[in-house]
Amino acid sequence: MNIKLNEHFLDVKETYLFSDIAKRVKKFQEENPGREIIRMGIGDVTLPLPASVASAMEDAAKQMAVKESFRGYPPEYGYDFLRNAIADHYKAIGAACVTPDTVYVSDGAKSDLGNFPDILGDNPVIVPDPVYPVYVDSNLMNGRKISFAGGTKENGFLPEPPSGTDIEPSVIYICSPNNPTGAVYSREGLKAWVDFAIKTGSLIIFDAAYEAFISEDKPHTIYEIPGAESCAVEISSFSKFAGFTGVRCGWTVVPDAIEANGIKLSKFWARRQATKFNGVSYVTQAGAAASLSGKGLEDCMANIAYYKRNAKVLAEVFSEKGIYFTGGVNSPYIWLECPDNMGGWDFFDSILNRFGIVGTPGEGFGTNGTGFFRLTAFGSYENTLKACEYFKSL
Ligand code: PLP
């Protein structure tokens, strides 16, 4: 065949991270038949959907089976009932600039993160390091030039805006609470980025997928920061909040005030979605709306509290041992410095062989992940306690 391919796909590095992990675990199991494995590498939720949310979905499915209440294609930007519920959620967390017509419902944050570069031109891109790999790969696929804002022990894995005067207008990715580091920006920290974006004419893409885990006084949305409504879009998800990793629903906020060269960004995003996306099922949106209020919200927050308790007991052990870490408080992730100057893979092998614990080497998330390690709090409380006992003996 002689058609031309998008050869920018060749720039995307093959990721062997999870297959390498799977291979090492398989070998361990073959060599140690019957030994228990404690999985702390997973970024997926494990608790089932709250019954209140599942029951709203069941009701919606029943409506679909009745001629009078059957619904066909959903509106491409989401049903009003869900766009209103999401806007109410923002009002409750102090971001009244998010009105229902600025909310675009989707099948998840990953799709929106991956699709957003469609409507942007060839701008420089700034992503954090360590990083959720989707930001990097979706830009490489479009041939964009990427630079990294380094998260380090010195800045608590909260990268700061680049300094200098000749910075081109750029597309900036920020994730808070962060995956993989669990670090969360303060208002001042986020303000520095918003001020930088305004000064340089840049756009921020803010990933708030873990917002529900925030319990300290930290910003829940970029729109808590004055000026953000003119320079930031926010992408979020029901995945970790409502256990929707398998159900699939998320949203993007594109404020009306964001304009580039006299064109509203929302106009392009609305056009992109209307052309390439046919909406989220009614059953899914009914469940998503149920998770945002009343019993549904209460039940989702109880599940979050369960994961947060896991994170807390892990964090206590690392604090007691004097091991440097970020996360564990407003996040389901603990990002720790491997003891004894070990690399992430050495630490991986060490805790797998000694304790049967599986985590994720920081090297999988970027250069600055070298010598760090990600543990997740999405497992069971019982297994987390077992892991804590093991970690005490490190
Ligand atoms: N953003 C971050 C930072 C994530 O860690 C994840 C999933 O792990 C996503 C987005 C994807 O969310 P969704 O399941 O809505 O596609």
Side-chain angles (χ1 to χ4, degrees), residues 15 17-18 21 39-47 49 53 78 82 86 89 103-117 127-139 149 151 157-159 172-185 190 204-214 220-222 232-253 273 277 279-281 284-285 287-288 291-292 300 303-304 307 311 326-327 330-335 359-360 362 364-366 369 374-379:
T15 162
L17 179 70
F18 290 103
I21 290 176
R39 294 187 189 275
M40 307 189 81
I42 38 167
D44 199 350
V45 294
T46 53
L47 293 173
L49 292 182
V53 173
L82 183 55
I86 293 170
H89 156 76
V103 174
Y104 297 81
V105 174
S106 72
D107 63 347
K110 190 175 192 172
S111 310
D112 288 356
L113 287 161
N115 293 330
F116 219 84
V127 300
D129 172 12
V131 64
Y132 176 55
V134 177
Y135 311 155
V136 174
D137 293 351
S138 55
N139 279 290
F157 285 93
L158 292 167
I172 301 159
Y173 286 79
I174 302 176
C175 179
S176 178
N178 187 276
N179 178 14
T181 69
V184 195
Y185 278 99
L190 274 192
I204 293 174
I205 297 182
F206 187 76
D207 183 342
Y210 296 93
E211 176 270 319
F213 289 82
I214 298 176
H220 285 246
T221 161
I222 189 87
V233 301
E234 179 161 307
I235 295 179
S236 199
S237 173
F238 289 94
S239 282
K240 307 297 157 80
F241 156 60
F244 270 35
T245 51
V247 177
R248 309 302 307 143
C249 195
W251 72 87
T252 289
V253 176
Q273 292 300 81
F277 181 62
V280 177
S281 80
T284 296
Q285 294 194 54
S291 75
L292 283 171
C300 289
N303 285 357
I304 299 274
Y307 299 132
T326 53
N330 302 291
S331 162
Y333 299 117
I334 302 246
W335 176 254
T360 313
F365 301 101
R374 191 190 75 172
L375 294 171
T376 84
F378 286 123

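Whatever order the structure lists them in is the order used to number ligands and atoms, beginning at 1.
- Only side-chain heavy atoms of S239 come within less than 4.0 Å of ligand 1; its backbone N, CA, C and O stay farther off.
- Note on ring orientation: taking the six-membered ring where Trp is involved, the planes of Y333 and F378 are perpendicular (angle over 60°, cut-offs 30° and 60°).
- Put simply, no part of G250 is less than 4.0 Å from ligand 1, judged by heavy atoms.
- Close contacts of ligand 1 with R248, meaning ligand atoms under 4.0 Å from a residue heavy atom, involve 13 (P), 14 (O), 15 (O), 16 (O).
- Where the criterion is an N or O separation shorter than 3.5 Å, residue side chain and backbone included, T245 fails it with respect to ligand 1.
- Protein heavy atom in closest approach to atom 6 (C) of ligand 1: Y132 OH, 3.4 Å.
- In plain terms, the two heavy atoms of P177 and S331 that are nearest each other are CB-CB, 4.3 Å.
- In this structure the side chain of R248 reaches within 4.5 angstrom of the side chain of S239, judged on heavy atoms.
- The contact set between ligand 1 and C175, taken as ligand atoms under 4.0 Å from a residue heavy atom, comprises 3 (C).
- Y132 and Y135 have perpendicular rings, their planes meeting at more than 60° on a 0 to 90° scale where under 30° would count as parallel.
- For ligand 1, the polar-atom distance check finds no N/O of G108 at less than 3.5 Å from any of the ligand's N/O atoms.
- Annotation: atom 12 (O) of ligand 1 to nearest protein heavy atom, A109 CB, 3.7 Å.
- For the pair K240 and ligand 1, the shortest N or O to N or O distance falls below 3.5 Å.
- Considering only heavy atoms from C-beta on, T284 stays 4.5 Å or farther from F238 through its side chain.
- Every atom of ligand 1 is numbered from 1 in the order shown, and the set under 4.0 Å from a heavy atom of S237 is 12 (O), 13 (P), 15 (O).
- In this structure, the ring of W251 has its center no less than 6.0 angstrom from the ring center of Y104.
- Taking only nitrogen or oxygen atoms, main chain and side chain alike, K110 reaches within less than 3.5 Å of ligand 1.
- Looking at Y210 against ligand 1, only its side chain comes within 4.0 Å, counting heavy atoms.
- For ligand 1, the polar-atom distance check finds an N/O of D207 within less than 3.5 Å of one of the ligand's N/O atoms.
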Problem - Trace of the side-chain hydrogen bond (donor to acceptor under 3.5 Å, both in side chains) decision for N139 with Y173 - result: CA-CA 11 Å; N139 279 290; Y173 286 79; 3.1 Å; yes
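- Between Y185 and I174, the closest side-chain pair of non-hydrogen atoms falls below 4.5 Å.
- Side-chain atoms of D107 and S111 include a donor-acceptor pair closer than 3.5 Å.
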